[in-house]
Each structure stands twice: as structure tokens, then as C-alpha cells.
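These numbers were taken from a predicted model, which means no experiment stands behind them. Numbers restart at 1 for each chain; the letters A, B, ... are given by sequence-line order, proteins then strands.
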Number of protein chains: 2
Amino acid sequence: MEKQNYTRDNMADLLRAHDINPTHQRIEIAYALFARQEHLSADQIMTIVNDRHSETSKATVYNTLNLFKQHNLIREVIVDPSKVFYDPNTGPHHHFFNLETGELIDIDAGDVQIQGLPALPAGMVTEGVDVIVRIRPSNA
Amino acid sequence: MEKQNYTRDNMADLLRAHDINPTHQRIEIAYALFARQEHLSADQIMTIVNDRHSETSKATVYNTLNLFKQHNLIREVIVDPSKVFYDPNTGPHHHFFNLETGELIDIDAGDVQIQGLPALPAGMVTEGVDVIVRIRPSNA
DNA sequence: AAATGGATTAGACAAAGTCCAAATTCTAGG
DNA sequence: CCTAGAATTTGGACTTTGTCTAATCCATTT
Ligand SMILES: [Mn+2]
Ligand SMILES: [Mn+2]
Ligand SMILES: [Zn+2]
Ligand SMILES: [Zn+2]
């Protein structure tokens, strides 16, 4: 929407803005997610980041993704039973989930209303509401 | 709602009604889910089924749960990044997910309306819509 | 340059789930 | 009742995702 120039340089600024010390590896991982604006698994990110040249270990990929998550730079999407997807979009939104390809497509939450949800159990508050629309090719 | 007498005997009928050959192990696994009407992981089911006496292998637990799912006797709930929950309720419904305890609570879908979802990508049909309300204790 | 604290790493480890070939159990026919 | 064939179950190897730890590396400060 607003800014769409995702270079490695302003990845460092983005990280600093979230109180994250920008290191080589962290910049590469952030760049992989933000430049593409896609939903990626840890394994995909590891492949992308190590594709060109530099080496980033599996431990660092997981460390970094969990760090980004804690600082609200990215969020997780739980939709595939076998792996977590990491999402550079932290704004309120939902997802189409293509059951055929595993692809995720964002749905802006601004246009969506959910009505008729029952009252929360006593002493509970809502942390968030996730809507997942599972879709597949019609000619399947 | 309707029937709430879940005995091992009518588990066999239930399995036959879904074209599943009722074996000892399948009856025990179905009984674990339907008598409790809870959302259980494969590991929890394995523990329950082997608790009293008989032995059921891990392979059979997974084989059976996948078989039940294929025959629409149960459904999966994908909400915890580390394990799948199996749900004896196949009617349309959503879930509260207690982030503290991992507990799932059903929300009947009859009362819930979702409006403002965008059009599906071309050539796609909806397989289902899942709503997950993540909740946590307010005094956290 | 040395010290320090943070970051990264290899590799061991754990947990969920799948796969396979062998063994068991079930079913039908004779 | 007995047996062949089919269906089911099983132990254990294997894969994948993710975590953990102790050693190493690196950046910043003095
Ligand atoms: Mn899994
Ligand atoms: Mn996992
Ligand atoms: Zn998204
Ligand atoms: Zn449910």
C-alpha cells in the first residue's frame, strides 16, 4: 500500500524501528519476506537466503523468525498441518488458502464483518480472529 | 444434541454407516473421540486407547484417523503449529482457541454470519470457511 | 588491542507423522 | 472345520519441522 521500495538498506531501518539490531542475516531474512510480500515457510526462507551466496544456518533462520514475530514485525499463519507460514503483513487480515497448491492470498479485514459470535467464556479476552477460506479449483 | 449414547456397540454401527469396517482398534478410537466429544491430538488418542489394556500401535492410530477423515466421520482442526486436533463434530462450526491451555471450544456456525468477503479467484470454489477466535485469560 | 556482550553456528536432539514389509486377523468357500 | 486370499495391524526405520546448547564469531567500546 504505502511504501513499496524494499531494499536491503531500508530493511535495516525497518529492523531498527522495531528495536531489532540489524545484522547481515536478519537483513537478508527480512528482505526475503518483505521484498516478495509472500507467505513463506522457514524452509523456503532458508533456501532463498542461502541461494545466492551467503550462508545462514537453520538455527539463525528460526531464531530470527521468532524474534521478528515477538517484535511484531511479522506474524505466523497456521493453516498447513505440516509447517508454519511467515507473513510480512501484520495488519488485520484474513486468508484464502488454496488447498491444491498451498498458496495463501490475503483478504483485507477492513471489508469483512463477522456477526453472531457467542460471548467469550468468563474471564477471557480476544487476542484475534482468524478467518481461513479454504478454496480449490472448481474443475477438480 | 440428538443422540448422546455413545457406547462401543453403536460405534460399530456408526462405522458401518460410514462404510468403515469396524475393527477392535477402530471402535476404540471412535469411542475415544465420540464418547468425550472433545478435540484430541493423535497422541492423546493413542494414550486413551492404550490406557486400559489393549494395544494399538501408532501406525494404526494415524491410519485410522486418516481413514475416518476420508469418510467424513471426523474432521481435522489446524490451529496449533505443532499438532493436529481431531474433531468428532463434522457439522459446520468454528472454534474458540484458548492460547493458554490449548483447549478448543466449538462455536455453532448457524448463528455466525460473515460478510464482505471478496470474490473468489477465478475458477475456484469454496471448500469451507474456518473461523478461529484466539482467546486468553484477561488477567494475563 | 583487549574485553565484552550479542549473534551465529553445527550438530545433537525431540516430536509429529509417514512408510513398509512382515505378521496377524478376518472372511468366504469348499 | 479348514484354508486361501484379502484386509488390517504392527514394529521400527525414516522424514520433516523445529528446538537446544555449547562453542565460536563479531561488533562496539574502552
Ligand atoms: Mn505435522
Ligand atoms: Mn511443527
Ligand atoms: Zn497474510
Ligand atoms: Zn470442533
Nearest-nucleotide wise, let me know which of Asn66(B) and Ser57(A) is further upstream toward the 5' end of DNA chain C.
->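 Here Ser57(A) is the residue nearer the 5' end.
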Identify, between Ala59(B) and His24(B), the residue whose nearest nucleotide on DNA chain C lies closer to the 5' end.
->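 It is Ala59(B) whose nearest nucleotide is closer to the 5' end.
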To the nearest 0.5 Å, how far apart are NZ in Lys83(B) and CG in Leu40(B)?
->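 The distance works out to 11.5 Å.
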Base, sugar-phosphate, or nothing: which does [X] touch, judged by heavy atoms less than 4.0 Å apart?
{"X": "Asn21(B)", "result": "sugar-phosphate"}
{"X": "Ser41(A)", "result": "nothing"}
{"X": "Thr60(A)", "result": "base"}

Decide whether Thr60(B) and Asn63(B) meet the rule of one side-chain donor and one side-chain acceptor closer than 3.5 Å.
->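 No.
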Among side-chain atoms of Asp80(B) and Ser82(B), is any donor-acceptor pair under 3.5 angstrom?
->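 Present: a donor and an acceptor within the cut-off.
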Starting at atom CD of Glu28(A), determine the distance to atom P of dA7(C), rounded to an integer number of angstrom.
->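 Atom-to-atom, Glu28(A) to dA7(C), this comes out as 17 Å.
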Tell whether Lys83(B) reaches the base of dG17(C) with its side chain through a donor-acceptor pair below 3.5 angstrom.
->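 No, the side chain and the base share no sub-3.5 Å donor-acceptor pair.
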Side chain of Tyr62(A) - closest among dT18(C), dT19(D), dT9(D) |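 Side chain of Tyr62(A) sits closest to dT19(D).
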Please state whether the phosphate of dT9(C), meaning OP1 or OP2, lies under 4.0 angstrom from any side-chain nitrogen or oxygen of Gln25(A).
->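 Indeed, a polar side-chain atom of Gln25(A) lies that close.
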Can you check whether Thr23(B) has a side-chain N or O nearer than 4.0 Å to OP1 or OP2 of dT9(D)?
->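 Affirmative; the distance criterion is met.
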Indicate yes or no for a side-chain donor-acceptor contact from His95(B) to the backbone of Asp106(B) under 3.5 Å, with no hydrogens or angles considered.
->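 Here the side-chain-to-backbone pair does not exist.
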